[in-house]
Number of protein chains: 2
Amino acid sequence: MSTPLPNQAVRGSTSGVPIMAVFDLLGRKWNMRILWELNNKPMSFRGLQARCDGMSPSVLNTRIKQLSEAKLIDKTEQGYQLSDMGQSLMLTLNPLREWSHKWHKVLDSDYK
Amino acid sequence: MSTPLPNQAVRGSTSGVPIMAVFDLLGRKWNMRILWELNNKPMSFRGLQARCDGMSPSVLNTRIKQLSEAKLIDKTEQGYQLSDMGQSLMLTLNPLREWSHKWHKVLDSDYK
DNA sequence: TAGTGGTGCTACTTATTTCGTAGCAAAACT
DNA sequence: AGTTTTGCTACGAAATAAGTAGCACCACTA
């Protein structure tokens, strides 16, 4: 399993179009969540693991490698943290929080 | 495998916080891609399959069910298409395209 | 009206990904 | 020196995704 990066073929697409690489990378379990958690503050390996409901260390390990290769996170004295690119990604993903609340309401009202 | 919906426990989180449900749902392979493709135009089952590099029908089938349950897509005369919620999701995800291009450039310049 | 082709699937097997647990080496703390 | 904490690796089991085959249901055509 290789890290999906733009400009090379990614899982589910041979085009190498950047957005497809994003879908591939973020479409893997935990990646969005990890970035989300790191958005709050830098965290250690075990800290991340705890925040992410005890995700298995093997997966966390591969995720960290992928996100590092993708230049979205860095390892520092303070633990793992978002890179500049990672921060800008979270910035563009921010509206998702508001959207999720609307979604919640819609589903709620539909099923009651 | 159940559809991750807000207000109930989702994979990787017992909190039921809406944003976690989003991560869970979109973190499954193909879901973002499917929405992305439907954003352009409504499509048939086989149309979607073709656009998504021949994804297996079994997975597409379960995805369609999940996205339908999540009220993000509907089935119509014209094929599958985004619901209002689905459209608003794609709207908030739109900036991702621009971001992906920046990302592309950064990775490119770093590795040359 | 028998044949052709497209569509929306289901069934089944295999491959890949993720989980869960155990454990270990290195650093930090007591 | 002994105990914790941290950052992992290993490995078997479970869940998810891929790949292929095929069938029922149209719509159209010869």
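Naming: A, B, ... by sequence-line order, numbering from 1 per chain.
When the P atom of D/dA18 is taken as reference, atom CG of B/Leu60 falls 11 Å away, rounded to whole Å. Residue B/Gln49 contributes atom CD, which lies 16 Å from atom P of D/dG22 at whole-angstrom precision. Between the CG atom of B/Leu48 and the C1' atom of C/dG8 there is a distance of 12 Å, rounded to whole Å. Rounding to whole angstrom units, CD of residue A/Glu77 and P of D/dG7 are separated by 12 Å. Between B/Arg46 atom CZ and D/dA27 atom P there is a gap of 16 Å when expressed in whole angstrom units. Atom CE in B/Met43 sits roughly 15 Å away from atom C1' in C/dT7 (whole-Å rounding). Distance CD (A/Gln78) to P (D/dG7): 12 Å, rounded to an integer number of Å.
The pair B/Glu69-B/Lys65 fails the salt-bridge criterion, with no side-chain N (NZ, NE, NH1 or NH2) lying under 4.0 Å from an Asp/Glu carboxylate O. A/Lys102 has no carboxylate O lying under 4.0 Å from a charged side-chain N of A/Glu98, or vice versa, which leaves the two without a salt bridge.
With sequence neighbours excluded, no residue forms a side chain to side chain donor-acceptor pair (under 3.5 Å) with B/Asn39. With sequence neighbours left out, A/Arg46 forms a side chain to side chain donor-acceptor pair (under 3.5 Å) with no residue at all.
Counting non-hydrogen atoms of other residues, nucleotides and ligands closer than 6.0 Å to CD of B/Gln87 gives a total above 12.
In this structure, NZ on B/Lys29 lies 14.5 Å from CZ on A/Phe23, to the nearest 0.5 angstrom.
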At a cut-off of 3.5 Å, list every protein nitrogen or oxygen paired with a nitrogen or oxygen from nucleotides 12-19 of chain C, distance to 0.1 Å.
| from | atom 1 | to | atom 2 | distance (Å) |
| --- | --- | --- | --- | --- |
| C/dT18 | OP1 | A/Arg63 | NH2 | 2.8 |
| C/dT18 | OP2 | A/Arg63 | NH2 | 2.4 |
| C/dC19 | OP1 | A/Lys29 | NZ | 2.3 |
| C/dC19 | OP1 | A/Trp30 | NE1 | 3.1 |
| C/dC19 | OP2 | A/Trp30 | NE1 | 2.8 |

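The side chain of A/Ser44 places no N or O atom within less than 4.0 Å of a non-bridging phosphate oxygen (OP1 or OP2) of D/dT5. Taking side-chain N and O atoms only, A/Lys65 has no distance below 4.0 Å to OP1 or OP2 of D/dG7.
For A/Pro57, the side-chain atoms get nearest to C/dA22 when compared with the rest of C/dG23, C/dA22, D/dG22.
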